[in-house]
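To keep things clear, I will list the structure first and then write my remarks on it.
Residue numbers begin at 1 in each chain, while the letters A, B, ... track the order of the sequences.
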There are 2 protein chains.
Amino acid sequence: MNSDVAIRRLSAIAQEGRLAVFRLLVKAGPQGLAAGDIARKLDTPANTMSAQLLVLANAGLVRARREGRSIIYCVDFEAMGDLLVFLTEDCCGGRAEICAPLAKVASCCNTGGKHETPARSRRRG
Amino acid sequence: MNSDVAIRRLSAIAQEGRLAVFRLLVKAGPQGLAAGDIARKLDTPANTMSAQLLVLANAGLVRARREGRSIIYCVDFEAMGDLLVFLTEDCCGGRAEICAPLAKVASCCNTGGKHETPARSRRRG
DNA sequence: TTCATATTTCAATGATTCCGGAAATATTGG
DNA sequence: CCAATATTTCCGGAATCATTGAAATATGAA
């Protein structure tokens, strides 16, 4: 990961419509959603949606595959992870307490799919 | 965290100069750096740097404090963490293997780093 | 107070981005 | 082939953004 790629990825999701698309696809998982379905769900004209998906795809954050007449878009979770790693590089210089808040980002991978809430953390102790 | 805040934060770091500033400050840690030092390190005019820092500060990603004639900027690590959590919300729908790559984001927080004093850090440079 | 340093604000300019109408392309079914 | 569906490409105008010279503000030192 270099700065140019990171900027392209950040720019891609730094916009209302595209961020909504990205988050919708994050929730949809690897199975993805058809371009038209996304456009309908987010109440956006097809051509505008196409442009938004193109930006996300060029950034490498989503991938497209054809299925019949539809084009299915899904998040590239590895690309997404690379971006987050880039942003947090050398984030605490060995002082874990500084960036401890970041630990919860990955908590979904250890808690059966949900991010850990403060309440649940408290309950567990 | 809502979309508006997330977009503001993403836009703030989705630009070459500001991303460089942000990453420099991430590495600098809570101790931060003076505006002038940042400008010199990144070879940027003072007024340009001031504008870039203002955007980052307005986004809540960095905070400023005065120390003598200098204004010291440092990353708000909690704000940064909130943003990453927002982006990964519901990221794997219970299937940990999907977002497993994200686990390494927080890996720095599990390395048992030692605590560094500001004085020692200063001595080193 | 006067000077030097550190940073910000103002204003203007050039560059980039966003959106959606209209037209084009690709696929499937009849 | 033709029609229907799904998506993309082209284009232009409006809006937003980035940069920087010049001037202003704030602090500390003499």
Check the distance between [N]'s [atom2] and [X]'s [atom1] and give it to me in whole angstrom.
{"X": "A/Asp37", "N": "D/dA6", "atom1": "CG", "atom2": "P", "answer": "9 Å"}
{"X": "B/Leu54", "N": "D/dC17", "atom1": "CG", "atom2": "P", "answer": "13 Å"}
{"X": "A/Gln52", "N": "D/dT9", "atom1": "CD", "atom2": "C1'", "answer": "16 Å"}
{"X": "B/Met49", "N": "C/dT8", "atom1": "CE", "atom2": "P", "answer": "10 Å"}
{"X": "A/Ile7", "N": "D/dA18", "atom1": "CD1", "atom2": "P", "answer": "11 Å"}
{"X": "B/Asp43", "N": "D/dT19", "atom1": "CG", "atom2": "P", "answer": "13 Å"}
{"X": "B/Glu16", "N": "C/dT16", "atom1": "CD", "atom2": "C1'", "answer": "15 Å"}
{"X": "A/Leu53", "N": "D/dA6", "atom1": "CG", "atom2": "P", "answer": "15 Å"}

Practice problem: Find out if a path of hydrophobic residues (ILVMFWY) with successive side-chain heavy-atom gaps under 4.5 Å connects A/Leu56 to A/Ile72. | Solution: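 Different clusters.
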- May I ask whether A/Leu19 and A/Met80 are part of the same hydrophobic cluster, defined by side-chain heavy atoms of I, L, V, M, F, W, Y residues being less than 4.5 angstrom apart, directly or through others?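 Yes, A/Leu19 connects to A/Met80 through the hydrophobic network.
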| said: Taking the nucleotide of DNA chain C with the nearest heavy atom to each, does A/Arg18 or A/Glu67 sit closer to the 5' end? | reply: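 Looking at DNA chain C, the more 5' nearest nucleotide goes with A/Arg18.
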Can you work out whether A/Asn47 or A/Arg69 has the more 5'-proximal nearest nucleotide on DNA chain D?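 The answer here is A/Arg69.
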Quiz prompt | Residue whose closest nucleotide on DNA chain D lies nearer the 5' end, A/Ala34 versus B/Thr44 | solution =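 Looking at DNA chain D, the more 5' nearest nucleotide goes with A/Ala34.
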Is B/Arg9 close enough and on-axis enough to B/Phe86, meaning under 6.0 Å and within 45°, for cation-pi?
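No, B/Arg9 does not sit over the ring of B/Phe86.
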Base, sugar-phosphate, or nothing: which does [X] touch, judged by heavy atoms less than 4.0 Å apart?
{"X": "A/Ala46", "answer": "base"}
{"X": "B/Ser70", "answer": "sugar-phosphate"}
{"X": "B/Arg40", "answer": "nothing"}

**Asked** Taking it one step at a time, do B/Val75 and B/Phe22 satisfy side chain to side chain contact (heavy atoms under 4.5 Å, CB included)?
**Response** CA-CA 7 Å; B/Val75 168; B/Phe22 180 75; 4.2 Å; yes
What nucleotide among C/dT27, D/dT19, C/dT8 has an atom nearest to a side-chain atom of A/Arg66?
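Side chain of A/Arg66 sits closest to C/dT27.
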Quiz item: Which one, C/dC18, C/dG20, C/dT9, comes nearest to the side chain of A/Thr48?
Solution: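 Per side-chain heavy atoms of A/Thr48, the pick is C/dG20.
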Distance test, side-chain N/O of B/Gln15 to OP1/OP2 of C/dT16, below 4.0 Å =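 For C/dT16, neither OP1 nor OP2 has a side-chain N or O of B/Gln15 closer than 4.0 Å.
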Note to self: Just N and O in the side chain of A/Tyr73: are any of them under 4.0 Å from OP1 or OP2 of D/dA6?
What the structure shows: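 No.
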**Message:** Assess whether a salt bridge exists between A/Arg18 and A/Glu16, defined as any Lys/Arg side-chain N lying under 4.0 Å from an Asp/Glu carboxylate O.
**Reply:**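 Salt bridge absent between A/Arg18 and A/Glu16.
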